[in-house]
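Order of the sequence lines fixes the chain letters, A, B, ..., with proteins taken first and strands second; residue numbering starts at 1 for each chain.
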There are 2 protein chains.
Amino acid sequence: MKPRHPHRTEDCRAVSDILQRVGDKWTVLVVGKLGDGPMRFNELRHAIGGISQKMLTTTLRGLERDGFASRTVFPTIPPRVDYELTDLGRELLVPVSALGEWARLNQGRVAEARMKFDATVA
Amino acid sequence: MKPRHPHRTEDCRAVSDILQRVGDKWTVLVVGKLGDGPMRFNELRHAIGGISQKMLTTTLRGLERDGFASRTVFPTIPPRVDYELTDLGRELLVPVSALGEWARLNQGRVAEARMKFDATVA
DNA sequence: CGGGATCCTACGGGATACTG
DNA sequence: CAGTATCCCGTAGGATCCCG
């Protein structure tokens, strides 16, 4: 039932780092969309909806920097840029999807706990 | 190789919500420590190290609100308050630990990609 | 089309002091 | 001991305009 080995602090730091990296407002949404295949900038923009172009740029740059996505430029006119998950990005998608599945299944329980708590406080 | 069903937007939103909730600076560290068993306020404080008391309070309140942790007050003098993961909290710990394990194993690859990217830009 | 450069605001989060 | 109350700062992130 209970994991037998205590959680080591340094490991938790690594988790914390990754989660903060992936836990910003848009990263998982972008990664999720890219999980369906390569996409162009505005294609992503409209598929996600609500994201500013600045934040999409920032998010994509971050993913590229960490090796989760690749950027391919076609020097045509008008220009065309494709974004795609790398192997590392697709591997990341595995545990992230698992967490996502958990979130999907348990969002009701969280919402309920939240309502109870708020009611008790008020 | 490739997951056959496309990621639905609403599901990704749920993932995003949970990840933002859990992706703040301290939540996973607190949850990780609580994973070893019930703990008192200052016990947590020192076990984690570097966290301000304000943020520990905030983080614990958040966990309590979402039903991930429980708070037990012993009306003694001096007061004693125990925090403990709920069942929901322990269940959350499963996919989070998986992601954590991934982070631990792959932090090298991320660091490498990051260095390469930074070198190329500069 | 795919951004870069700016400006601006809200909020996460630290430091410090006080309280029951 | 376990908080609450303030003050303060940096940064995430939105809106807008411009460019090749």
Item to check | Atom pair distance, as rounded to whole Å: CZ in A:Arg80 and P in C:dG2 | outcome: 8 Å
Next on the checklist: Tell me whether B:Val81 shares a hydrophobic cluster with A:Phe117, the cluster being built from Ile, Leu, Val, Met, Phe, Trp, Tyr side chains joined at under 4.5 Å.
Outcome noted: no
Checklist entry - Would you call A:Lys33 and A:Ile48 a side-chain contact if the rule is heavy atoms closer than 4.5 Å? => result yes
Checklist entry - Do any N or O atoms from the side chain of A:Asp66 and from the backbone of A:Phe68 form a donor-acceptor pair under 3.5 angstrom? => result no
Checklist entry - Distance check: side-chain N/O of B:Arg61 vs OP1/OP2 of D:dG3, anything under 4.0 Å? => result yes
Checklist outcome for this item: Here the distance between atom P of D:dG20 and atom CD1 of A:Ile77, to the nearest Å, is 13 Å
Checklist outcome for this item: Under a 4.0 Å heavy-atom cutoff, the residues of residues 48-57 of chain A touching DNA chain D are A:Ser52, A:Gln53, A:Lys54, A:Met55
Checklist outcome for this item: Rounded to whole Å, CE of A:Met39 lies from C1' of C:dG2 at a distance of 16 Å
Checklist entry - Nearest nucleotide by nearest heavy atom, which residue falls closer to the 5' end of DNA chain C, B:Gly23 or A:Pro78? => result A:Pro78
Checklist entry - Could you state the CD-P distance from B:Glu43 to D:dC1, rounded to the nearest angstrom? => result 12 Å
Item to check | Phosphate OP1/OP2 of C:dG2 contacted by A:Arg71 side-chain N/O (<4.0 Å) | outcome: no
Next on the checklist: Any salt bridge linking B:Asp82 with B:Arg80? Criterion: basic side-chain nitrogen under 4.0 Å from a carboxylate oxygen.
Outcome noted: yes
Item to check | Separation of atom OH in B:Tyr83 from atom C1' in D:dG3, rounded to whole Å | outcome: 8 Å
Checklist entry - How close or far is atom C1' of C:dC11 from atom CG of A:Asp24, stated in whole angstroms? => result 15 Å
Checklist outcome for this item: Those residues at least two apart in sequence (or on a different chain) that pass side chain to side chain donor-acceptor pair (under 3.5 Å) with B:Glu84 are none
Next on the checklist: Tell me whether B:Arg45 contacts the main-chain N or O of B:Arg40 through its side chain, where contact means a donor paired with an acceptor under 3.5 Å.
Outcome noted: no
Checklist entry - Between A:Pro79 and A:Lys25, who's closer to the 5' end of DNA chain D by nearest nucleotide? => result A:Lys25
Next on the checklist: Under 4.0 Å, counting only non-hydrogen atoms across every strand here, what does B:Phe74 touch: a base, just sugar-phosphate, or nothing?
Outcome noted: nothing
Item to check | Which residues share a side chain to side chain donor-acceptor pair (under 3.5 Å) with B:Gln53, sequence neighbours left out | outcome: none
Item to check | Below 4.0 Å: OP1/OP2 of D:dA2 and any side-chain N or O of B:Arg40 | outcome: yes
Item to check | Closest-nucleotide 5' rank along DNA chain C - winner of A:Phe41 and A:Gln20 | outcome: A:Phe41
